[in-house]
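Beneath this line is the structure, given in structure tokens, with notes to follow.
In listed order, ligands and their atoms are each counted from 1. Computed from a predicted model, the values in this text were never measured in an experiment.
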Amino acid sequence: MIPRQPVRQPRLGCLYLPPYRVEGISIAGEQTVVHVPELDVAFDIGLCPRAALSAKYVALSHGHMDHSAALSYYFSQRNFQGMGTGTVVCHPDLAGPVRRMLKAWADIEGQQTPFTIIEIEPDQELEIKGAFFLRAFKTEHTATSLGFVVIEKRSKLRKDLVGLEQEELMALKQKGEQITRIIEVPLVCYTGDTMWGAHFEREDVLGANILITECTFIEPAHRSRAAVGKHLHVDDLARLVRRTRAEHIVLTHLSRRTNMNSAYRFLEMALGEQDMHRIHVLMDIRRNQERFDQQLDEAQRENEA
Ligand SMILES: [Zn+2]
Ligand SMILES: [Zn+2]
């Protein structure tokens with residue numbers, strides 16, 4: 001008898017939600033890494049697929065192994081591939097343990113890997129590129145945890161000056177007046193692992209155009225499991241979907257207990273049909289591939305027209 005072949009590795013999920021790609025793998029308890037290449041950020045790094053290496057920043061939501069296990073490898077591979085020193089952005093409570101972990105790796109390997117740790121408290125921000133900022137917010141999980149929103153700060157003409165001639169504006173500016181105001185546009189929100197909490201009332205969380213949220217337990221009967229692990233249940237998701245203004249809601253961290261077809265059945269039961277067009281499941285490789293092929297087709301047709 002010929003033995004069975006090994007279990008296949010899950011493929012990287014990939015969604016193109018213009019102008020951003022959301023790529024990665026996320027399975028509850030096993031591994032989570034969600035990379036947005038256009039923003040230079042990977043949210044969590046439970047494993048480090050080659051595609052995630054290019055992330056200049058790893059925003060770490062919490063220390064559970066399925067979200068943090070590949071951090072050392074990320075630093076080491078970036079260095080090995082000549083990609084520059086990697087940076088982890090994490091809660092101050094994790095900075096010490098991460099430093100000690102990397103010190104242990106230096107002892108194990110007999111060589112130093114360069115790394116950068118940036119501590120971020122809830123409601124603090126870090127400039128990641130140009131006008132883009134990574135903001136942390138407090139979430140509720142069984143370990144110290146953070147969620148993140150990437151905000152773009154756009155400079156706009158002051159409301160009371162709209163309609164003035166260019167010369168008048170120049171004159172005001174020369175007098176030293178501030179003629180612009182800054183508006184904040186939340187682009188992408190990543191919840192990490194969390195139960196329901198006050199953070200789901202935040203303007204920046206509800207206003208983000210792409211909301212990447214965990215939804216670990218998707219079966220109606222799994223309510224108590226969700227409560228014990230401080231995760232979201234599909235009923236919480238329904239509440240969130242009613243509130244968020246996101247054009248795209250990307251579900252991550254689904255439990256392996258539920259297969260993909262059943263997951264959609266439970267989602268539709270809880271959310272109703274009207275919101276399903278906003279929902280994407282990161283690990284639904286087949287459906288996301290079809291969607292991507294369609295996007296390719298459309299782009300091609302537009303090119304030809
Ligand atoms: Zn997790
Ligand atoms: Zn966790």
- Asp235 and Arg223 ion-paired at < 4.0 Å: yes
- Query: Should the pair Glu219-Arg265 be classified as a salt bridge under the 4.0 Å nitrogen-to-oxygen rule?
  - Reply: no
- Taking atom types as modelled, is there a side-chain donor on Asp193 or His253 under 3.5 Å from an acceptor on the other? yes
- Flag yes if Met83 and Tyr73 sit in one hydrophobic cluster, no otherwise; membership is Ile, Leu, Val, Met, Phe, Trp, Tyr, and two members link when side-chain heavy atoms are under 4.5 Å apart. no
- How about His141: does one of its N, O or S atoms come closer than 2.8 Å to the Zn ion (ligand 2)? yes
- Task: Answer yes or no: is there an ion pair linking Glu140 with Lys138, defined by an N-O contact shorter than 4.0 Å?
- Result: yes
- Message: Angle at the Zn ion (ligand 2), NE2 of His62 to ND1 of His64, rounded to 10 degrees, please.
- Response: 90°
- Message: From the N, O or S atoms in His67, identify the one nearest to the Zn ion (ligand 1).
- Response: NE2
- Nearest to the Zn ion (ligand 2), which N, O or S atom of Asp193 do we find? OD2
- Query: Below 2.8 Å, any N, O or S contact between Asp66 and the Zn ion (ligand 2)?
  - Reply: no
